Amino acid sequence: MKKVLVLGATSAIAQATVRLLAARGASLYLVGRNAERLDAVAKDARTRGAARVESEALDLDELSRHEALVERAATALGGLDGALLAHGILGDQKAAEQSFSETEKVLRTNFLSAVSLLTPLANRFETQKSGTLVVISSVAGDRGRQSNYVYGASKGALSVFLQGLRNRLARSGVAVVTVKPGFVDTPMTADLKKNALFASPEKVARGIVRAADQGRNEVYLPGFWRLIMFIIRSIPEPVFKRMKL
């Protein structure tokens, strides 16, 4: 990917990925909500060797602004051949259990916003018959668990959407890469107790770039999560519903 739109560019995983892309001399259009943090990411990317860096502060929950955003990014970089969707929220499971408005926030940011962005991006890449869409989903979407099923539902829906999008775009030479991280040590997980399953944003970023280069369909990061989630998906429902996960 040489001309890349990065959405949610101030997230820890996105920042680590931007550093790798910048070192390759990529041109980058960075989008995030916090203008000050976004400016710092942009300056760092320029220092690391990015060919060109443009940035735009935007709340990606504003779905009506997505099509124009994609057009601005393509114009600024002289085209697009890649996009990384890295924005998302964990939400508050307990609050969501009591309030649909809390659930709606998670679904809007993690699923509806992603679909709204992927629609014009997919159409553009399909027309040019090339491009790579890299989207961060989550292992949480592989099976609903009582501890985070609202977040898991948003990511599960996203993963299914990406499956269909990949099937549609394959004949056009467009890669759709679903990234499923496990626990990552980021500000979003700051309140969670850390253990050996947590990975660094840098390790996940290296996996993302590698998966994009290879045009992978779906990648678990780190890779051991593929086995973990296979085991969790294989537990019979009568047993699973008695477990506290």
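Just so we're clear, the structure is a prediction, and the values are computed from it rather than from any experiment.
- Between Lys3 and Gly78, the shortest heavy-atom contact is NZ-O, 3.0 Å.
- Shown here is Arg143, whose CZ atom has more than 12 heavy atoms of other residues, nucleotides or ligands within 6.0 Å.
- Put simply, the residue from Val134, Val204, Thr17, Leu84 that forms a side-chain contact (heavy atoms from CB on, under 4.5 Å) with Val209 is Thr17.
- The backbone N or O of Leu38 sits nowhere less than 3.5 Å from a side-chain atom of Thr10 that would complete a donor-acceptor pair.
- Two residues are said to be in side-chain contact when any heavy atoms from C-beta on lie closer than 4.5 Å; Leu133 and Leu121 meet this criterion.
- Checked by atom type and distance alone, the side chain of Arg24 never pairs as donor or acceptor with a backbone atom of Leu20 at under 3.5 Å.
- One distance of note links NZ of Lys43 with OG of Ser55; it measures 10.0 Å at 0.5 Å rounding.
- Contact annotation: the side chain of Leu169 never approaches that of Arg171 to less than 4.5 Å [non-hydrogen atoms, C-beta and beyond].
- Between the side chain of Arg108 and the backbone N or O of Asp61 there is at least one donor-acceptor pair closer than 3.5 Å.
- Looking only at side-chain heavy atoms (C-beta outward), Thr132 and Asp81 stay at 4.5 Å or farther from each other.
- With hydrophobic clusters built from ILVMFWY side chains whose heavy atoms lie under 4.5 angstrom apart, Leu80 shares a cluster with Leu69.
- The side-chain heavy atoms of Phe198 and Thr189, taken from C-beta on, include a pair separated by under 4.5 Å.
- For Glu67, the CD atom sits in a loose shell: 12 or fewer heavy atoms of surrounding residues, nucleotides or ligands are nearer than 6.0 Å.
- Legend: residues meeting salt bridge (Lys or Arg N to Asp or Glu O under 4.0 Å) with Arg166, ordered by chain and number and at least two apart, are absent.
- Taking the side chain as every heavy atom from C-beta outward, His87 and Leu117 approach each other to under 4.5 Å.
- Of the possible polar contacts, none joining the Arg48 side chain to the Ala22 backbone as a donor-acceptor pair under 3.5 Å is found.
- Using modelled atom types, no side-chain atom of Lys2 and backbone atom of Ser27 make a donor-acceptor pair closer than 3.5 Å.
- Residues passing the salt bridge (Lys or Arg N to Asp or Glu O under 4.0 Å) test with Asp92, sequence neighbours excluded: none.
- A donor-acceptor contact shorter than 3.5 Å links the side chain of Ser11 to the backbone of Gly8.
- Gly91 approaches Val106 most closely through the heavy-atom pair CA-CG2, 3.8 Å.
- Arg33 and Asp59 make their closest contact through CG-CA, 3.6 Å (heavy atoms, listed as atom of the first residue, atom of the second, distance).
- Here the closest non-hydrogen pair linking Ala50 and Leu28 is CB-CD1, 4.2 Å.
- Checking side-chain atoms of Gln128 against main-chain N and O of Asn123 turns up no donor-acceptor pair under 3.5 Å.
- More than 12 non-hydrogen atoms from other residues, nucleotides or ligands lie less than 6.0 angstrom from CZ of Arg233.
- Under a cut-off of 6.0 angstrom, the local environment of CD in Glu36 is sparse, with at most 12 non-hydrogen atoms contributed by other residues, nucleotides or ligands.
- Note: Leu85 CG to Asn110 CG = 11.5 Å, rounded to the nearest 0.5 Å.
- Between the side chains of Ser137 and Ser159, at least one donor-acceptor pair of N or O atoms lies under 3.5 Å.
- With Ser99 contributing its side chain and Ala95 its backbone, the two residues share no donor-acceptor pair below 3.5 Å.
- Using a 3.5 Å distance cut-off with no hydrogens or angles, the side chains of Asp185 and Ser200 do not pair a donor with an acceptor.
- The closest side-chain heavy-atom distance from Ile13 to Val184 is below 4.5 Å.
- For Phe240, there are no ring pair (Phe, Tyr, Trp, His ring centres under 6.0 Å) partners two or more places apart in sequence or in a different chain.
- With contacts defined as side-chain heavy-atom distances shorter than 4.5 Å, the pair Ser113/His66 qualifies.
- Annotation for Glu126 and Ser172: closest pair CG-OG, 3.5 Å, computed over non-hydrogen atoms.
- With sequence neighbours excluded, the residues forming a salt bridge (Lys or Arg N to Asp or Glu O under 4.0 Å) with Arg72 are Glu56, listed by chain and number.
- Of the charged side-chain nitrogens involved, at least one lies within less than 4.0 Å of a carboxylate oxygen, so that Glu54 and Arg52 count as a salt-bridged pair.
- Among residues two or more places apart in sequence or in another chain, the side chain to side chain contact (heavy atoms under 4.5 Å, CB included) test is passed with Ser138 by Ala140, Tyr151, Lys155.
- Closest of all the heavy-atom pairs between Arg124 and Val70 is NE-CG1, 4.0 Å.
- Screening residues 201-228 for ring pair (Phe, Tyr, Trp, His ring centres under 6.0 Å) gives Phe183-Trp225 as the qualifying pairs, with residues at least two apart or on separate chains.
- Checking Gln98 against Glu102 by side-chain atom types alone, no donor-acceptor pair falls below 3.5 Å.
- For Glu202 (side chain) and Ala16 (main-chain N/O), no donor-acceptor pair under 3.5 Å exists by modelled atom type.
- Considering only heavy atoms from C-beta on, Leu162 comes within 4.5 Å of Leu118 through its side chain.
- With values rounded to the nearest 0.5 angstrom, Leu77 atom CG is found 8.0 Å from Leu5 atom CG.
- Under a 3.5 Å cut-off, the side chain of Thr75 and the backbone N or O of Glu71 do form a donor-acceptor pair.
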